[in-house]
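Structure first, commentary second.
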Amino acid sequence: MRKRRSGKHKRRAASNFFANMTWSLGKRELIISSIAIFAVTIGVILFFAVKSGYMNSSLGPFFKDSDGLREEVVSGGETQNAAAGDGDMPVVETATEGMKTESTSDTTVLSEKEGTRDGYLNRCVFLGDSRTVAMVNYGFFNDDAALAQIGISHPAFASNTFMNNAGKEYTLKSYLASHQAPVIYILLGVNGVNDSSEEHYKNTFVTLIDSVIDMAPNSNVVLVAIGPVDDNGIYKENVRNAWIDKYNAFLLETAKEKHIFYLDIAELLKGSDGQVKSEYNGGDGLHYSVKGCEAIFRYIVEHPVPGISDEGEYVVKYIKPNPNKIKVTMDNDSGIDEGKLQNLMDMMIGDTENQTSADTDTSSSKETEEEQLKKQEEEEKKKAEEEEEKKKAEEEEKKKAEEEKEKKNAEEEKKKAEEEEEKKKAEEEEKKKAEEEEKKKAEEEEENKTTEEEEKKEEDSENEEEESEKEEEKKESEDDTENGSEGGEEESSGQS
């Protein structure tokens, strides 16, 4: 009650003050005061009107479509009309000294990294042709994060003037001056693979690479492999997979020589038959479907340049392309002619079936935060399950290895025991054999000895007999001698 009375008292006092002031002023002073108040009011209105007009004019004539507005996708999958100003576009992070990394023989080809996040794309810009235009038009890259044009070839890239969907015009020099991103991807080369001079193709590409390196000295440069095509598509006379493979080998070698990086998206997009996979074919055999563009997007995120942060959320501010303002290069290198242009334009702009960006979230994965969180939880759960399965598999593998080791050791022990047993048995048999041989030898020696003794005995017996015979003969001889002597004496006696 006290507060309410106090308020009434203040309002009454203010009313009395203005009433007294009005009475105290003369008619002339009152008129002057009214004019002054009116002038101040008009001035304020004009100030805001001028300010608003200046902001609108600063957007440039190409920042508006026919209604002066563009559709901008916002969270929750809803769309709203918004003025297409630079302030609406996400800002690409600027590279600082020390962010650049020289590649080695092991790191030239960017490898897959687990747990990467889309925030990595906040630090990347893309220099490309119609394939990169498609990445923008399907809502995977931010409009201002790509310097690209339909039909552009790498020899013409440095001298060309580009216009993005927002109507902003750039040259390569002006773009890199304002977009010194930590990572610069070069997605060029398919327009021009039919160059009659291989030397011209390579020299002009090296010149472009050197220009980018010079203009962005703190940036990491990535050469992206030229994606495969359908050799039976409508561009079969201009682009062949054999030519693409040859120039991809050149790009990889160039990346190694200049110590920059190489992203091999060809391994992702190419089927077992060497052609672009059917689910990634946009319909003409050269360009890629929404599914193909999404696969490229994920491949880039999952194969980042080492040392570049992936913190933060990557949000696409979608700007619908205006068919009347899309720039196209139709020269000998582009391979585009009047008959193919309309189909290509339709593809690059996208229809209601393919244009997923118009009715989905602006996040890089086209999901709401809730869906992203759910997906993240599912991925974490899946990762945990995979880790558990991996751990279990490793334990089983370890257990199996230990069992196999134990089994092998047991087998080796058994084999060793058997070998020792066999060796022992062989030694015993050898010993037994030796003993038998010794015994046999002893028996033979005994037999020989017995034989010798018998032979000696026989010999001695024979000798004794011979001696006996000799003795007898001697005795007989002596007897004969004696008998002869006696006979002679008798003879002598008779004669006498």
Side-chain angles (χ1 to χ4, degrees), residues 91-111 120-129 131-132 135 141-142 144-149 152-162 164 170-193 195 198-227 247-266 296 299-300 303-309 333:
V91 178
V92 177
E93 185 176 311
T94 302
T96 57
E97 190 174 355
M99 282 189 175
K100 187 171 184 178
T101 304
E102 284 197 353
S103 70
T104 64
S105 57
D106 296 328
T107 62
T108 298
V109 180
L110 292 174
S111 58
Y120 172 74
L121 273 298
N122 291 324
R123 294 150 190 98
C124 306
V125 294
F126 304 89
L127 312 180
D129 48 36
R131 292 173 168 186
T132 306
M135 295 293 291
F141 293 163
N142 267 305
D144 204 48
L147 186 70
Q149 184 178 301
I152 193 71
S153 60
H154 65 271
F157 203 87
S159 60
N160 192 62
T161 300
F162 301 82
N164 60 20
Y170 290 108
T171 62
L172 174 64
K173 185 176 181 180
S174 67
Y175 185 79
L176 292 182
S178 58
H179 294 72
Q180 296 280 322
V183 185
I184 298 174
Y185 287 87
I186 300 179
L187 301 89
L188 294 164
V190 70
N191 298 324
V193 294
D195 195 324
E198 184 175 337
E199 185 178 358
H200 177 262
Y201 182 99
K202 292 180 177 180
N203 289 342
T204 50
F205 217 131
V206 170
T207 299
L208 175 63
I209 294 167
D210 289 340
S211 297
V212 173
I213 293 173
D214 290 341
M215 292 178 189
N218 295 327
S219 300
N220 295 284
V221 176
V222 180
L223 302 182
V224 181
I226 306 168
Y247 287 123
N248 275 342
F250 154 71
L251 291 177
L252 175 57
E253 190 61 33
T254 302
K256 290 179 180 178
E257 290 176 359
K258 295 187 177 295
H259 298 287
I260 55 180
F261 298 94
Y262 179 81
L263 185 69
D264 189 10
I265 63 169
I296 295 170
Y299 193 86
I300 292 171
H303 295 72
V305 171
I308 302 301
S309 171
D333 291 329

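One-based numbering along the sequence shown.
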Do any side-chain atoms of residues 252-261 form donor-acceptor pairs under 3.5 angstrom with protein atoms, and if so which ones, sequence neighbours left out?
from : atom 1 : to   : atom 2 : distance (Å)
T254 : OG1    : F250 : O      : 2.8
K258 : NZ     : D210 : OD1    : 2.8
H259 : ND1    : S103 : O      : 3.1

Closest non-hydrogen contact found for D129 with L188 is N-CD2, 3.8 Å

>> Measuring only between side-chain heavy atoms, which start at C-beta, is E93 closer than 4.5 Å to I308?
In response: no

Quick one, D264 with H303, criterion side chain to side chain donor-acceptor pair (under 3.5 Å). Give me CA distance, side-chain angles, the key distance, then yes/no. CA-CA 9 Å; D264 189 10; H303 295 72; over 6 Å; no

Those residues at least two apart in sequence (or on a different chain) that pass side chain to side chain contact (heavy atoms under 4.5 Å, CB included) with D195 are S197, H200, Y201

Notebook entry, point to check: Going through the checks in order, is the side chain to side chain contact (heavy atoms under 4.5 Å, CB included) test met by L147 and V125?
Noted result: CA-CA 8 Å; L147 186 70; V125 294; over 6 Å; no

### Message
Test your reading of the model: is there a side-chain donor-acceptor pair from N164 to the backbone of D144, 3.5 Å cut-off?
### Response
no

Distance col, row N142:CG vs L121:CG, nearest 0.5 angstrom, shows 9.0 Å

In terms of heavy-atom contacts, C124 and Y185 come closest through SG-CE1, 3.8 Å

>> Check whether S178 reaches the backbone of S174 with its side chain - one donor and one acceptor, N or O, closer than 3.5 Å.
In response: yes

Hits for side chain to side chain contact (heavy atoms under 4.5 Å, CB included) against S159, two or more places apart or cross-chain, chain-then-number order -> none

Contacts of T94 meeting side chain to side chain contact (heavy atoms under 4.5 Å, CB included) (sequence neighbours excluded), chain-then-number -> Q180

Value for OG1 (T132) from CD1 (I296), rounded to nearest 0.5 Å, stands at 8.5 Å

Scanning both residues in full, the closest heavy-atom pair of G189 with V193 reads O-CG1, 3.0 Å

Heavy-atom nearest pair, L110 first then V305, reads CD2-CA, 3.9 Å

Separation between CD (E102) and CG (N220), nearest 0.5 Å, reads 10.0 Å

(Q) Donor-acceptor check, side chain of R131 to backbone of V190, threshold 3.5 angstrom: yes or no? (A) no

**OP:** Would you check if the side chain of N203 reaches a backbone N or O of E199 as a donor-acceptor pair within less than 3.5 Å?
**Re:** yes

In short, L251 meets V224 closest at the heavy-atom pair CD1-O, 4.0 Å

Interatomic distance, CD1@I184 vs CG@L223, rounded to 0.5 Å, equals 11.5 Å

Correct closest heavy-atom pair for A146 and Y175 would be N-OH, 3.4 Å

Taken in chain and number order and not counting sequence neighbours, the residues that satisfy side chain to side chain contact (heavy atoms under 4.5 Å, CB included) with A95 are M99, P182, N218, S219

- Message: Determine whether the aromatic ring centres of residues F157 and F162 are separated by less than 6.0 angstrom.
- Response: yes

For this session: Quick one: do I265 and L187 satisfy side chain to side chain contact (heavy atoms under 4.5 Å, CB included)? Show the steps, please.
Result: CA-CA 10 Å; I265 63 169; L187 301 89; 5.6 Å; no

In short, salt bridge (Lys or Arg N to Asp or Glu O under 4.0 Å) pairs touching residues 172-181 with sequence neighbours left out are none

dist T161:OG1 -> L172:CG (nearest 0.5 Å) comes out at 11.0 Å

Rounded to the nearest 0.5 Å, the CZ atom of F205 sits from the NE2 atom of H154 at a distance of 5.5 Å

